[in-house]
Amino acid sequence: MTWQLTPRLPAQPDFLWAEAEPKASYDVIIVGAGGHGLATAYYLAKNHGITNVAVLERGWLAGGNMARNTTIIRSNYLWDESAGIYEHALKLWEGLEADLDCEVAFSQRGVLNLAHSLGDVREGRRRVNANQLNGVDAEWLTPEDVQKIAPILNISTDVRYPVLGATFQPRAGIAKHDWVAWGYARAAHAMGVDLIQGCEVTGVLREGDRVVGVDTVSGPIRAGRVALAAAGHSSVITASLGLRLPLQSFPLQALVSELLEQVLDTVVMSNAVHVYVSQAHKGELVMGAGIDGYVGYGQRGSFPVIEHQMAAAIELFPIFARAHVLRTWGGIVDVSPDASPIVGLTPFEGLYVNCGWGTGGFKATPGIGWVFADTIANDRPHPLAQPFALARFADGALIDEHGAAAVAH
Amino acid sequence: MRITVDGVQLAARPGDTLASALLRAGRRVLSQGIYTGRPRGLVSAGVEESNVFVQVLSGSGEPMVRATEIEAYDGLRVRTLAGKGLLPDEPDEARYDKTFAHTDVLVVGGGPAGLMAALAAGESGARVLLIDDQPRLGGRLLASRAIVDGLAVHDWVSSMRDRLQALPEVTVTSRTAVVGYYDHNYLVAVERRTDHLGSAAPATMARHRLWNIRAGQVVLATGAHERSIAFADNDRPGIMLAHSATAYAWRYGCRPGRRAVVFGAHDGALAAAVELADAGVEVAAVLDVRDVVGADFAAALARRGISVQTGATVSGTLADDDGVLRAVLTSAGETVAADLLAVSGGWNPAVELFSQSGGRTFWSEAAAGFVPDTAAQPTHCAGVLTGAVSLARVLSEGAGAGAEAARAAGLDVTEPATPSVEGELREEAAPAAYFCVDSAAEETVFVDLQRDATLHDIRRAVGAGLTSVEHIKRYTTIGTAADQGRGSGVLAVGVLAQLSGRSMAEIGTTTYRPPYTPISFALLAGRDRGRLADPERVTAIHDWHVEHGAVFEDVGQWKRPWFFPRPAESMDEAVRRECAAARTGVAMMDASTLGTIELQGADVGLLLDRLYTNVFSSLKIGSVRYGVMCGPDGMVIDDGTTARLAEDRWLMSTTTGNAAKILEWLEEWLQTEWPDLDVRCTSVTDQWSTVVLVGPRSRDTLEELAPELDCSVEGFPFMTVRQAAVAGIPARIMRVSFSGELAYEITVASWYALAVWEAVFAAGEITPYGTETMHVLRAEKGYPIVGQDTDGTVTPQDLGMGWIVSKKKPDFVGKRSFARADTSRSDRRQLVGVVPVDGRSRVAEGAQLVSHGAVLTQPPVAMHGHVTSSYHSVALGTPFALALLDAGASRHGEVLDAVDDGHATAVQVVSPVPYDPDGVRRDG
Amino acid sequence: MLRIPCPWCGPRDETEFCYGGQAHVPYPADPSTVDDADWAGYLFFRDNPKGWFAERWMHRAGCQRWFNVVRHTVTYEISASYPPGTSRPDVA
């Protein structure tokens, strides 16, 4: 057993951060106080000494997808470019509690990606081999090995979605999303970063092709550099500049069960039938669904998606039949055409984007914070960000994680 | 009735809930704090319960249910829980169903407002669905002693039920909880059909039923939940919501205590004190935080010899050795002996569904609660939900909302008269927005009993700098337990307001999310379990395959024979035997799963020219052509052959998994881009079945089966199609080959498929083969499989199929993309063959190709490509694989390592067409 | 669960339909004359408004016909439904 239900969650720090009033100008404004925005602010301050920074959040801090994801962390992506950024993130996750000096409940309990068809097996093995050669821990497991790790999985062969094997990344796992955000917020605040909630950005200030600040509901704020970490809303913000981003925002639902005695020691994902499940520290099953089928900013999804997902979940885990859905919710995932993020410079001087993370945003948090901060500080793409430039859509050099079937969560 | 709780038998009466039976049996300590271990008991009589959850062991079993929501039945067995449920291992054999309803007006809630709303709407002739979550209609009336229209409430409710049942378009459903309110007035409800019947439940009846409801108009009459007040040691068994205490007394006939203290912040608490006194409970003290209380209420209490202490609060409580309440400490410094402390801080209107629907709520000072503001959908709110208190107003609001909804649904409405009400105390003094009695012992002031979260936790959260109620919730975990925050949500907002000096309106609530009450996974799945989880598609010949021992492979939803092992034969042995038959004799395969689309019209050729990379319009009638289709991004999406059967009639085949997708692809272009083209597309995959006959001796077999057909090379050339009787059955025969051998595809109407298959099988020593052999045969010829040798990043040129990409056509879908910088690189990943240098080792599919001798222990190791297909080739006598390799077309001869699971196998890059590269075998 | 008005079959549940993204993105008349940036625009760049959006749907479990819908991407309200090839109605 790689983890156990905690009798009591450890207490969070006595002090996290203090509200700030916006100043007239900053060296860097980060739009969006989600995990990415906060991590970017933290690494700007820590790695680059840039502390005259404001993180602007239209709602409450880390209240968007950071509060709505299923917290799965892994780096076993197929393509070198993806593995590069996600593995960089995973290494940072492994030292994050020490770095931030706070508990984020990072639990390396491993992630299984199930294969249900010969095609899945082929893709799974391809990915495991690529992972190993990239220095990412990965194993291919037989159904019997899978059952040792998750005994409640139904591995009989006469079911509709038989388990033909699985990839396993032992270093993968989950963390407490709120605590991660707060940990970054606290550390950034301690280094002088202003965290400003309820401050929606309504436009971008520009002088020619140079961006010089943002308009907000609280008035204009000037900045030497503006970095967008606003997921799908990034495209709404850049639309005011006439800059189009190849993003579509889709609802993505998740749910939790009641608190249950421990039944699942690891994280199980099945892309084929859209079941993504772990058991959180308190005992609730946390499950993600497949992406809803149409563009929406409603932070809610469609009920049949949940029905369908539960049917698949029970096929894989018969013991779940009597569990209950206690709460469902929706996030808004910003999906790019190749299911890979868009990170880097823009045609506007002083404007940087980081979006298109789809279902991969949470797990990338430390990595992208690091890389985006470096990109902003040096006004050039960090090497790990380079392949994710906006320009790839024109020249065709996509990083197609769709094809690799390793896209979701 | 006998029920068993933690192995101990108790008596229960008809109408009891598990909670009322426990209370009557004197069981007070029924749970414990999840962290503190402090003893806990019932705090409510309904859906507000946040302490007592049990695991149901009898019947179908339930991991974790509120004791207040379980109807007692003879033989009920439960186990009390401390905060966590337990999933039993035994399979859940119960049946779960779904039902679908469309209605003009949906009324949610069968209390007084809901009953009036249903009547008003129903009498207009509207189709009305009234849904109530309780076993009996009436809502809070069931615990009331008011007189309505001259009738005792039970009789009035019965008369209303009769009136509703007399209306033909009205349906009343009890034991059904509306749990979700989604977009476009779509609601979801859970009906409990057999749980209360115990062993008397009919085996044929679904245990639970999920209602999917599309409503024209919705009336929400969901009532309110009673709110508590937090104070020191407020978690002891014996401390209960005041109206739950009265419900136990008046609805369930069990006394919630002998000697009570009542503590409240609104006149409703005083009304509860009256009810308790009249139920025979000694009311030792009534404390009200307000300075001014309703005169009627004070007078009613005075008549019973009870005085109200105004401006008074509870400062703490004392417990006996079991941890059960024994005395209440008041702000006046008194210690009042009591075994019941009935608390009522006010009403929280049940805005959950309204909020789910997108409606906004606001804090009403008058009601001291969050009430519905503007609706986002066709939603009408009535009764206690709106903050109404008096029964008279609740009834009239209900009638009004029902009438308004029916009118909005387009019906003529005569609003029914509002019933008269007698015996109800009038609400006279304003409620106080009061939430928490401050205390130095703040770690015993519980705000969320189930999470064991206290005033201390909220104070810490505020001290940490948090202001948003969402942050407070997450920091303290308040509202995240199985009671879904019902008991703690607004209370926590109130405590936060008290601590921070901000207003309730400014702080607001957290978002209410579906479901309103928990839904089991099994119910959500409904009948979509086991074999019904996803449709299984089988061909008309499937049963024959089963009888002949086929092992099947899932291809999309299809079950396809993978190979046909003989007894004691391994897969490799079977595939070798099948391959050998196809290469040297004759073999047969069921290819009915390949997608087949019939295209008719004058412009089919033009359409195909635009969608395939090669030219089709020049195809002669009776001929067949192979084509590759790309997306606009230039990546291969499908391939297959298309035959021209007549001037305006074509038959396209697609890969098995892509059949539906390609039909939609054709339709999308036709409908949205080229509506001027005269083309009609019809899927005929299921109508036709195809038997593939392969092998150098296949001509002999066909000649025998189709004596009228000229099967000679000249008479029936490659890539042509013929009509002829095969075994006496009308058939279409195509001379195409996916193996390089002489081959025929015999297509007949699916009705005759089995007959033709059996006739072919009986015609000689013909070996049936499955998809694995098909893959080996095609791989030996370098024919890629879309989806296996491609992954959405592969162009036709990458597959070495530049020959099929027309240079002459001005455009086809995908052409423009080939000119992009990355797509036109000459060093893209290209299809190659790889063979093991040792001539023996079969490399794994999914193996990565790296430089020969690369040190694998020092990542990152540069990857040059990967193996997409790999087989033992009977024809070549060695293993053979296809791979995608960087600049592969120019690297034939090079030696690389294929790495699988850390193990390297030296392989040589070869042409992807190692077998019969000149195609001499296709004519037999 | 949206209730989508198919212009031919009437209002039906969303599960009967499949989604086709932004409407009114025509295939370029002559792709060979389109530069890389504009071609990328056709392939990959779609509007992503927070508000009213004209989008394509296909009635998969019904008439299998494509049509356009004007829908609000926050409230999910649908204000118009119209056949392909016709212009976006002047609503919302």
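Keep in mind that the numbers below use all heavy atoms, side chains included, and drop hydrogens, waters and symmetry copies. Just so we're on the same page: letters track the sequence lines, and every chain starts at 1.
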**Asked** Is the number of heavy atoms from other residues, nucleotides or ligands within 6.0 Å of NE2 (A:H308) greater than 12?
**Response** no
**Prompt:** So, do A:P304 and B:N212 sit near enough that their side-chain heavy atoms are less than 4.5 Å apart?
**Reply:** no
**Item:** Under 4.5 Å from a heavy atom of chain A, the part of B:R451 involved
**Value:** side chain
**Prompt:** Does A:W140 reach the side chain of B:D900, with side-chain heavy atoms less than 4.5 Å apart?
**Reply:** no
**Taking every non-hydrogen atom, the tightest pair across A:R122 and B:T868** = CD-O, 3.5 Å
**Asked** Is a side-chain N or O of A:H324 found less than 3.5 angstrom from the main chain of B:E62, in a donor-acceptor match?
**Response** no
**Complete:** Ranking A:W60, A:W182, A:F15, A:W179 by heavy-atom pairs under 4.5 Å to chain B gives rank one to A:W60
**Atom of A:A394, atom of B:R820 and distance for their closest heavy-atom approach** = O-CD, 3.6 Å
**Message:** Could you go through B:V899 and A:Q132, starting from their C-alpha distance and side-chain angles, then the distance that decides it, and tell me whether this counts as side chain to side chain contact (heavy atoms under 4.5 Å, CB included)?
**Reply:** CA-CA 10 Å; B:V899 180; A:Q132 291 176 350; 5.7 Å; no
**Message:** Can you confirm whether A:L260 sits close enough to B:P63 that some side-chain heavy atom of one is under 4.5 Å from a side-chain heavy atom of the other?
**Reply:** yes
**Asked** Is there side-chain contact between A:L133 and B:P859, with at least one heavy-atom pair below 4.5 Å?
**Response** no
**Asked** Taking C-beta and beyond as the side chain, do A:W329 and B:T511 meet within less than 4.5 Å on heavy atoms?
**Response** no
**Message:** What I'd like to find out is whether the side chain of B:F53 reaches to under 4.5 Å of the side chain of A:L259, using heavy atoms alone.
**Reply:** no
**Asked** For A:Q197 and B:S468, does a side-chain donor sit closer than 3.5 Å to a side-chain acceptor?
**Response** no
**Item:** Heavy-atom pair count under 4.5 Å with chain A, highest-scoring of B:R529, B:E90, B:M635, B:M64
**Value:** B:R529
**Item:** Nearest heavy-atom neighbours spanning B:P88 and A:I319
**Value:** O-CG1, 3.4 Å
**Asked** If you count heavy-atom pairs under 4.5 Å between each of A:A323, A:G330, A:A11, A:A312 and chain B, which one has the most?
**Response** A:A323
**Request:** Would you list the pairs meeting salt bridge (Lys or Arg N to Asp or Glu O under 4.0 Å) in which at least one residue belongs to residues 296-324 of chain A, sequence neighbours left out?
**Result:** A:R300-B:D183, A:E307-B:K98
**Asked** Could you give all pairs that pass the salt bridge (Lys or Arg N to Asp or Glu O under 4.0 Å) test and reach residues 254-264 of chain A, with sequence neighbours left out?
**Response** none
**Item:** Contact check, side chains of B:H866 and A:R127, non-hydrogen atoms, under 4.5 Å
**Value:** no
**Message:** Test your reading of the model: is there a side-chain donor-acceptor pair from A:N129 to the backbone of B:G846, 3.5 Å cut-off?
**Reply:** yes
**Asked** Top residue by heavy-atom pair count (under 4.5 Å) with chain A, among B:Q484, B:H471, B:Q848, B:E470?
**Response** B:H471
**Residue pair A:A321 / B:S520: nearest heavy atoms and the distance that separates them** = O-CB, 4.1 Å
**Message:** Check whether B:R513 reaches the backbone of A:R327 with its side chain - one donor and one acceptor, N or O, closer than 3.5 Å.
**Reply:** no
**Asked** Between A:K282 and B:T480, do the side chains contain an N or O donor and an N or O acceptor separated by less than 3.5 Å?
**Response** yes
**Complete:** If you tally heavy-atom pairs under 4.5 Å between each of B:A862, B:S60, B:G85 and chain A, the highest tally belongs to B:G85
**Nearest non-hydrogen partners of A:D178 and B:R474, listed with the distance** = OD1-NH1, 3.1 Å
**Message:** Testing the basics here: between B:A464 and A:P13, what is the closest heavy-atom pair and its distance to 0.1 Å?
**Reply:** CB-O, 4.2 Å
**Asked** Between B:S869, B:A525, B:S870, B:S817, which has the largest tally of heavy atom pairs under 4.5 Å with chain A?
**Response** B:A525
**Request:** For residues A:L398 and B:T793, determine if any side-chain heavy atom of one lies less than 4.5 Å from a side-chain heavy atom of the other.
**Result:** no
